[in-house]
Peer 1: 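The structure is given below, and queries will be raised subsequently.
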Amino acid sequence: MIDSIGGFLSGAILGFGAAVPIGPVNILIMSYALVKFRLGLAIGLGAMAVDVGYLLAINFGLLKFSQNEILTQILAIFGALFLLYIAYLTLKSAKSLARQKTGLSGGFWSCFIKGALMNILNPYIIGFWLSVSGVVMMLPSVIMGFAGLVVSIVSWVVFLSFIVSRSRKFIGAKTQMAFAYISAILMAGFAIMLIFNTFLKG
């Protein structure tokens with residue numbers, strides 16, 4: 001019993017450590033949650049589905065090829081292009097808000113796919129989960145550790161989407177437009193960092 005609780009709590013801490021830091025996924029969640037709660041939630045669940053898939057694949061030894069340098073570079077290129085595409089969409093949403101129209105749009109599943117692609121096309125996500133999987137495997141209860149990790153990520157996605165969507169009532173169009181511009185700049189910055197870290201760093 002103690003091992004199960006300890007494993008669950010340790011997994012939950014790992015999950016929050018992975019989910020909470022501001023990165024492309026959280027920026028995208030906030031951008032879409034400002035439109036609708038379920039869209040921000042869809043982004044987060046899509047990204048989380050890939051995270052869980054990576055963790056399971058790693059534990060079954062299915063991602064041994066992931067450390068291939070050429071594959072990493074290919075993913076980095078497509079990942080950077082995807083981030084730039086998201087930045088473009090976000091920039092368009094800022095212009096729509098300036099014309100008093102709605103911002104980012106899309107359905108639940110299209111947002112789910114965007115969230116999933118955000119993590120699929122980021123080679124450093126695989127590296128992160130490779131390191132985390134080693135920690136999970138050393139927990140007193142691996143199953144409860146995995147459960148804690150999933151629960152904490154889902155909780156963060158729901159919490160972030162809910163808080164941002166509820167705050168929309170108190171945020172004017174100009175503030176939303178400014179957030180959209182900042183989000184677009186950050187996405188473009190993440191794309192540049194991805195290319196720099198993959199091809200130029202070191």
Side-chain angles (χ1 to χ4, degrees), residues 12-52 76-122 124-125 128 149-197:
I13 292 170
L14 280 173
F16 280 121
V20 172
I22 294 297
V25 172
N26 278 339
I27 295 294
L28 200 59
I29 288 173
M30 290 188 286
S31 297
Y32 276 89
L34 275 173
V35 180
K36 285 182 182 177
F37 164 75
R38 67 187 184 89
L39 298 184
L41 181 64
I43 294 287
L45 292 179
M48 191 203 74
V50 173
D51 288 339
V52 172
I77 291 169
F78 281 101
L81 290 174
F82 183 69
L83 284 168
L84 290 173
Y85 170 68
I86 293 296
Y88 166 73
L89 291 181
T90 308
L91 201 59
K92 274 183 64 178
S93 79
K95 293 178 180 178
S96 295
L97 286 167
R99 295 192 296 269
Q100 301 299 310
K101 297 180 179 179
T102 56
L104 288 164
S105 60
F108 181 90
W109 290 110
S110 67
C111 288
F112 184 93
I113 292 170
K114 284 175 185 173
L117 285 173
M118 189 71 77
N119 276 359
I120 289 173
L121 296 174
N122 187 345
Y124 296 103
I125 293 293
F128 173 80
L149 190 146
V150 171
V151 168
S152 63
I153 294 177
V154 171
S155 299
W156 171 253
V157 169
V158 172
F159 171 78
L160 181 61
S161 300
F162 178 78
I163 291 298
V164 173
S165 65
R166 296 295 290 180
S167 66
R168 188 173 186 272
K169 297 177 182 178
F170 312 103
I171 299 175
K174 288 185 178 180
T175 304
Q176 290 183 50
M177 185 173 64
F179 179 79
Y181 278 122
I182 293 169
S183 297
I185 292 169
L186 288 173
M187 287 294 177
F190 287 130
I192 293 168
M193 285 173 58
L194 186 56
I195 293 298
F196 176 81
N197 288 333

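What you see below is based on every heavy atom in this structure, not just the backbone, and it leaves out hydrogens, waters and symmetry mates. Numbering starts at 1 and runs along the sequence shown.
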Peer 1: I'd like to check Leu41 versus Phe162 (side-chain heavy atoms, cut-off strictly below 4.5 Å). Are they in contact?
Peer 2: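 With C-beta onward as the side chain, the pair stays apart.
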Peer 1: List the steps, then state whether side-chain contact (heavy atoms from CB on, under 4.5 Å) holds for Met118 with Leu83.
Peer 2: CA-CA 8 Å; Met118 189 71 77; Leu83 284 168; 3.3 Å; yes
Peer 1: Which of parallel (below 30°), tilted (30 to 60°) and perpendicular (above 60°) describes Phe108 and Phe112?
Peer 2: parallel
Peer 1: Is any side-chain heavy atom of Pro24 closer than 4.5 Å to one of Met187?
Peer 2: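 Yes; the side chains approach each other to less than 4.5 Å.
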Peer 1: Would you please name every residue forming a side-chain hydrogen bond (donor to acceptor under 3.5 Å, both in side chains) with Asp51, sequence neighbours left out?
Peer 2: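 side-chain hydrogen bond (donor to acceptor under 3.5 Å, both in side chains) check on Asp51 returns Asn119, Trp129.
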Peer 1: Testing the basics here: between Gly15 and Ser152, what is the closest heavy-atom pair and its distance to 0.1 Å?
Peer 2: CA-OG, 3.1 Å
Peer 1: Quick one: are Tyr88 and Leu84 in side-chain contact, heavy atoms under 4.5 Å?
Peer 2: no
Peer 1: Is any side-chain heavy atom of Ile27 less than 4.5 Å from a side-chain heavy atom of Phe190?
Peer 2: yes
Peer 1: Provide the closest heavy-atom pair for Val157 versus Gly44 in the form atom of the first, atom of the second, distance.
Peer 2: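 Nearest heavy atoms, Val157 then Gly44: CG1-CA, 3.6 Å.
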Peer 1: Mark yes when over 12 heavy atoms from residues, nucleotides or ligands other than Phe37 sit less than 6.0 Å from its CZ; otherwise mark no.
Peer 2: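 Counting neighbours around CZ of Phe37, more than 12 heavy atoms of other residues, nucleotides or ligands fall under 6.0 Å, so yes.
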Peer 1: Can you find a heavy atom in the side chain of Val25 that is under 4.5 Å from one in the side chain of Met48?
Peer 2: no
Peer 1: Looking at Leu194 and Gly79, what are the two nearest heavy atoms and their distance?
Peer 2: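 Heavy atoms of Leu194 and Gly79 come nearest at CD2-C, 3.8 Å.
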